[in-house]
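It should be emphasised that the depicted structure is a prediction, and the values quoted were computed from it without experimental measurement.
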Amino acid sequence: MKLFDTHAHLLDEAFDLDREAVIASLPEKGITKVMEACCDEAGIDRVAALVERVPFFYGSAGVHPHSADEWTNETGDHIRRALRRERMLAVGEIGLDYHYDFSPRDVQKRVLDEQLSLAKELRLPVILHDREAHGDMIDLLRAHKDGLQGVMHCFSGSYELAKECLDLGLYVAFGGALTFQNAVRPIDVVKRLPLDRLLIETDCPYMTPVPYRGQRNDPSFVRITLDRMAEVRGEDVGLLADALYRNALRVYNIAEEADA
Ligand SMILES: [Zn+2]
């Protein structure tokens with residue numbers, strides 16, 4: 001069984017002491033591909049360097065809403081340059097976060113708008129982060145609907161919101177939250193969505209699934225979310241894993257041959 005962790009942060013300081021060992025241990029645990037999501041401008045070159053060094057890693061470049069107020073006139077070109085490199089495949093993670101509001105909301109919206117335009121220009125998928133900002137998020141995505149491709153990561157919204165994402169051409173990704181005791185709504189959504197638009201991810205080192213909550217998350221725990229998704233949907237784990245893997249290749253435009 002091959003698993004693709006479609007959203008991870010191995011460059012987080014939580015991995016500073018054993019990053020190489022964690023990465024080296026992944027293939028034997030069935031994790032054959034990982035998308036390393038970039039969070040801020042300082043991360044762009046770090047992600048590119050990690051991806052260059054580790055052949056089964058892919059990367060994104062972009063500015064997270066938490067860091068939106070560090071966007072400058074040069075940031076767009078920095079992202080463009082990084083995304084010309086091999087296995088640098090998406091603009092992300094970008095979005096709106098009205099839970100923490102680390103950057104002013106008007107700045108978050110402007111920076112998201114710029115990066116959605118950039119993704120369209122480059123014909124690349126986006127990795128989207130939406131926390132308590134559903135209305136503004138959907139408005140902006142609708143304004144960029146033409147050519148929009150990508151994933152709504154760490155999905156926690158309603159079925160109606162998930163449907164909106166599908167209508168916009170997006171995939172919907174679930175992580176450790178699917179295993180939480182109070183996961184009534186994500187479970188309902190996972191049951192009802194079409195198989196060809198689902199993804200799994202860890203968002204490590206955050207969002208550790210049950211029964212490891214409180215510990216650091218890592219890409220190998222994507223298997224726990226896979227098992228839970230199979231249980232919830234009443235599907236065979238192996239068949240579901242195959243379908244999710246193919247979805248991940250498709251959303252990030254990775255040629256199947258490259259996976260031989
Ligand atoms: Zn993330």
Linking I/L/V/M/F/W/Y whenever any side-chain heavy atoms sit under 4.5 Å apart, do Val47 and Ile127 land together? no

I want to check something: taking the side chain as every heavy atom from C-beta on, are Val210 and Arg213 in contact at a cut-off of under 4.5 Å? yes

Evaluate Asn217 against Tyr212 for side-chain contact (heavy atoms from CB on, under 4.5 Å), listing each step before the verdict. CA-CA 8 Å; Asn217 198 3; Tyr212 299 104; over 6 Å; no

May I ask you to decide whether Arg142 forms a salt bridge with Glu164, counting only side-chain N to carboxylate O separations under 4.0 Å? yes

Keeping Glu36 on the side-chain end and Phe57 on the backbone end, is there a donor-acceptor pair under 3.5 Å? no

Cluster overlap Leu166 with Leu199, hydrophobic side-chain contacts below 4.5 Å: no

Polar side chain donor-acceptor pair, His64 to Asp40, under 3.5 angstrom: no

Between Asn253 and Gln149, is any side-chain donor less than 3.5 angstrom from a side-chain acceptor? yes

Mind checking whether Ser25 and Ser220 have side chains closer than 4.5 Å, heavy atoms only? no

Please check: side-chain N/O of Gln115 versus main-chain N/O of Val91, any donor-acceptor pairing under 3.5 Å? no

Below 4.5 Å, heavy atoms only, C-beta onward: do Tyr171 and Met152 meet side chain to side chain? no

Is Leu226 reachable from Ile31 through a run of I, L, V, M, F, W or Y residues, each pair having side-chain heavy atoms under 4.5 Å apart? yes

Checking the side chain of Tyr100 only, and the main-chain atoms of Pro65 only, is there a donor and an acceptor separated by less than 3.5 Å? no

Answer yes when Arg223 and Asp227 have at least one side-chain N-carboxylate O distance shorter than 4.0 Å, and no when they do not. yes

What distance separates Ser67 OG from Asp97 CG, expressed to the nearest 0.5 Å? 11.0 Å

Do the side chain of Arg216 and the main chain of Ala14 share a donor and acceptor less than 3.5 angstrom apart? yes

Point-to-point distance, once rounded to the nearest 0.5 Å, from OG1 of Thr75 to CD of Glu41: 3.5 Å

Side-chain contact test, heavy atoms from C-beta onward, threshold under 4.5 Å: evaluate it for Val151 versus Leu170 and give yes or no. no

Just checking Asp236: does its CG atom have more than 12 heavy atoms from other residues, nucleotides or ligands closer to it than 6.0 angstrom? yes

Is it the case that one hydrophobic cluster holds both Tyr206 and Phe15, taking links as side-chain heavy atoms less than 4.5 Å apart, direct or via other members? no

Ionic contact status for Arg105 with Asp101, cut-off 4.0 Å: yes

Give a yes-or-no answer on whether the side chains of Glu93 and His9 include a donor-acceptor pair shorter than 3.5 Å. yes

Please check if the side chain of Thr6 supplies one atom and the backbone of Ala248 the other of a donor-acceptor pair under 3.5 Å. no

Can a donor-acceptor pair be found, under 3.5 Å and without considering hydrogens, that links the side chain of Asn247 to the backbone of Leu198? yes

Quick one: CG on Asp12 to SG on Cys204, what's the gap to the nearest 0.5 Å? 8.5 Å

Is Lys163 salt-bridged to Glu160, cutoff N-O under 4.0 Å? no

Salt-bridged, Asp77 to Arg81, with N to O below 4.0 Å? no

Taking the inter-plane angle between the rings of His153 and His129 on a 0 to 90° scale, is it parallel (under 30°), tilted (30 to 60°) or perpendicular (over 60°)? tilted

Using the rule that two of Ile, Leu, Val, Met, Phe, Trp, Tyr join whenever any of their side-chain heavy atoms come within less than 4.5 Å, decide whether Val54 and Val222 are in one cluster. yes

When you measure from the side chain of Thr179 to the backbone N and O of Thr225, does any donor-acceptor pair fall under 3.5 Å? no

Taken to the nearest 0.5 Å, the spacing of Asp203 CG from His7 NE2 works out to 4.5 Å

Got a second to check how far Met137's CE is from Gln108's CD, nearest 0.5 Å? 9.5 Å

Do the side chains of Arg233 and Leu195 get nearer than 4.5 Å, heavy atoms only? yes

Are any of the side-chain heavy atoms of Asp5 and Met35 separated by less than 4.5 Å? no

In Å, rounded to the nearest 0.5 Å, how long is the span from SG of Cys38 to CG of Leu11? 9.0 Å

Tyr245 vs Lys33 side-chain heavy atoms within contact, under 4.5 Å: yes

Taking the side chain as every heavy atom from C-beta outward, state whether Tyr58 and Val34 have any atom pair closer than 4.5 Å. no

